[in-house]
Number of protein chains: 2
Amino acid sequence: MKTIEVCLSPALFQYKTTNEDYIVVIVDVLRATSAFCAAFDSGAESVIPVSGLDELLTYKSNGFLTAAERDGNKVDFADFGNSPSIFLKRRLDGRNLAYSTTNGTQAIEKAKIAGARNIVAAAFVNIESACNWIMKQQKNVVILCSGWKNTFSLEDTLCAGAFVEILVNTNLYKHECDAAYAALSLWKSNKNNLVPAVQHASHYKRLSAKGFNEDLGYCFMLNSSKALPVWTGECFNDLSL
Amino acid sequence: MKTIEVCLSPALFQYKTTNEDYIVVIVDVLRATSAFCAAFDSGAESVIPVSGLDELLTYKSNGFLTAAERDGNKVDFADFGNSPSIFLKRRLDGRNLAYSTTNGTQAIEKAKIAGARNIVAAAFVNIESACNWIMKQQKNVVILCSGWKNTFSLEDTLCAGAFVEILVNTNLYKHECDAAYAALSLWKSNKNNLVPAVQHASHYKRLSAKGFNEDLGYCFMLNSSKALPVWTGECFNDLSL
């Protein structure tokens, strides 16, 4: 039987006793990993996570499309912000998208620094697609919640709990840490009222105040995407294709 | 209206935007803050949290009683481990107890480093006593879960959720962060089956395997203690007296 763990903040990932053989599931429901799925659904060839804006600017000058967000706002020089609904309105066929956000790309960086080789970007929108891929790998799993500037986020933890439920229900996985049990319990007691629950989340309120209501609708539509953004060494590619 | 926040690990405390005027509630259900209460109920005059064992040895050679635990085990040179049930069996009248543990005293140290001036040690056993004191202070509150070696712990988060429920129900406090909402939700969905829930906690399993069943019974008896261990500048004193 394989194990499933949850890490509630990138700042806690260093305390997990995982190894490079684990699958690391990066979850940033609002909005990076949801947006990755939308970009692939619009035909993007690859998504390249980039930590810093200087590096992103270099990608831009080399002809890449760029997406960048800080504190919920689009970065001026980038082609896109972090808005999945924008990606769904514009075809990105065959384009490579360099991507930098406040939390999601930082979590990916933490996983890479820790030596993770099996990284999948996931959210509510592609949970079934991601779980099907995870089960084929037959490896231990850690779900890394991107949070908000290293603090706990409700929506990522609920999504982690949904992953735990699906995987544990196969009887092929058991939850291994306190955070996985807590995320599962939190998910079970809120899943039938998901949107009212996430309206308590600080980042939901922040995005709502900024007028991103279309994104908020998209990010909580379970299985609206078939995308399977898996890290292939240099970038994420959509392995569902 | 005052705010109530929850910090799920000492490693995340640096990301909280609290200030020195906040009340910091240190929670280490298994077992340090439960044991502080037991020590005061047995007549201890003060509890002095100590981070390192070298420093603790100095206290011992200066005539202090000492309690020390690492990884759940009593440290050889100390008079006591971290077992509340032992304190309840032996009177400590008027004695000063220097205390060092894996998690609880480290969390206290984090709060002190952050400049906290209003620190109370609390657990399920003294939740009513602690909440009554908190309400008299009329300050914002952050509950700092001690966790296990900087990782999330289920029992501390459930206890934090119980604090949130009591304080929010007064209508004098509102939960301010995602972690406070999640802890409250977790508590509400598990409080009627508290012991079965905490049996999923890794530290509960660890202590059970070591035979500390009497402690496990004590630590989940709500309001079995009137103790109110409040930081008074150099040590904790029982302000209930």
Side-chain angles (χ1 to χ4, degrees), chain A residues 3 5-18 29-30 103 142 145-161 164 168 174-194 196-206, chain B residues 3 5-18 29-30 103 142-143 145-158 160-161 164 168 174-194 196-206:
Chain A
T3 60
E5 296 177 59
V6 171
C7 181
L8 297 173
S9 158
L12 299 180
F13 196 62
Q14 62 182 301
Y15 304 109
K16 279 278 170 199
T17 54
T18 58
V29 171
L30 295 177
N103 303 296
V142 58
C145 299
S146 298
W148 176 258
K149 298 185 177 180
N150 286 318
T151 65
F152 172 93
S153 91
L154 181 61
E155 68 278 9
D156 291 345
T157 308
L158 285 164
C159 187
V164 175
V168 166
K174 59 177 180 177
H175 51 73
E176 186 69 2
C177 67
D178 287 26
Y181 178 84
L184 176 61
S185 178
L186 194 67
W187 167 246
K188 282 184 174 176
S189 55
N190 288 283
K191 68 179 180 178
N192 292 328
N193 292 291
L194 182 58
V198 295
Q199 285 172 347
H200 290 277
S202 58
H203 198 41
Y204 190 104
K205 294 176 191 168
R206 190 179 294 115
Chain B
T3 60
E5 297 180 57
V6 171
C7 181
L8 296 172
S9 157
L12 299 179
F13 196 62
Q14 63 182 300
Y15 304 110
K16 279 277 168 200
T17 54
T18 57
V29 171
L30 295 176
N103 303 296
V142 57
I143 300 171
C145 299
S146 298
W148 176 257
K149 296 183 178 182
N150 286 318
T151 65
F152 172 93
S153 90
L154 181 61
E155 69 278 8
D156 290 344
T157 308
L158 285 164
V164 175
V168 166
K174 59 177 181 177
H175 51 71
E176 185 70 2
C177 68
D178 287 26
Y181 178 84
L184 175 61
S185 178
L186 194 67
W187 166 246
K188 281 184 175 174
S189 55
N190 288 283
K191 67 179 179 178
N192 293 328
N193 292 290
L194 182 57
V198 294
Q199 285 172 347
H200 291 278
S202 58
H203 198 42
Y204 191 103
K205 294 176 190 167
R206 191 180 294 114

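Sequence lines set the chain letters: A, B, ... in the order given, protein chains first and strands last, and positions in each chain run from 1. Just the heavy atoms: all of them, side chains too, but no hydrogens, waters or symmetry mates, feed the values below.
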Task: Leading residue by heavy atom contact count with chain B [cutoff under 4.5 Å; candidates Leu186(A), Val6(A), Asn150(A)] - done: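 When all of Leu186(A), Val6(A), Asn150(A) are compared, Asn150(A) has the most.
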Open item on the list: Using a 4.5 angstrom heavy-atom cutoff, name the option from Thr157(B), Asn190(B), Leu158(B) with the most pairs to chain A.
Closed with: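 Top count of heavy-atom pairs under 4.5 Å with chain A: Asn190(B).
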Under 4.5 Å from any heavy atom of chain B - which part of [X]:
{"X": "Ser153(A)", "result": "both"}
{"X": "Ala197(A)", "result": "both"}
{"X": "Tyr15(A)", "result": "both"}

TODO: Verify the neighbour count for atom NZ of Lys205(A): are there more than 12 heavy atoms of other residues, nucleotides or ligands below 6.0 Å?
DONE: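 Atom NZ in Lys205(A) is crowded, with more than 12 foreign heavy atoms closer than 6.0 Å.
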Task: Residues that Ser202(B) engages under side-chain hydrogen bond (donor to acceptor under 3.5 Å, both in side chains), provided they are two or more places apart - done: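 Result, side-chain hydrogen bond (donor to acceptor under 3.5 Å, both in side chains) vs Ser202(B): Asp178(A).
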Task: Member of Leu8(A), Leu12(A), Thr151(A) meeting the side chain to side chain contact (heavy atoms under 4.5 Å, CB included) criterion with Leu12(B) - done: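 Of all the options given, the one that passes is Leu12(A).
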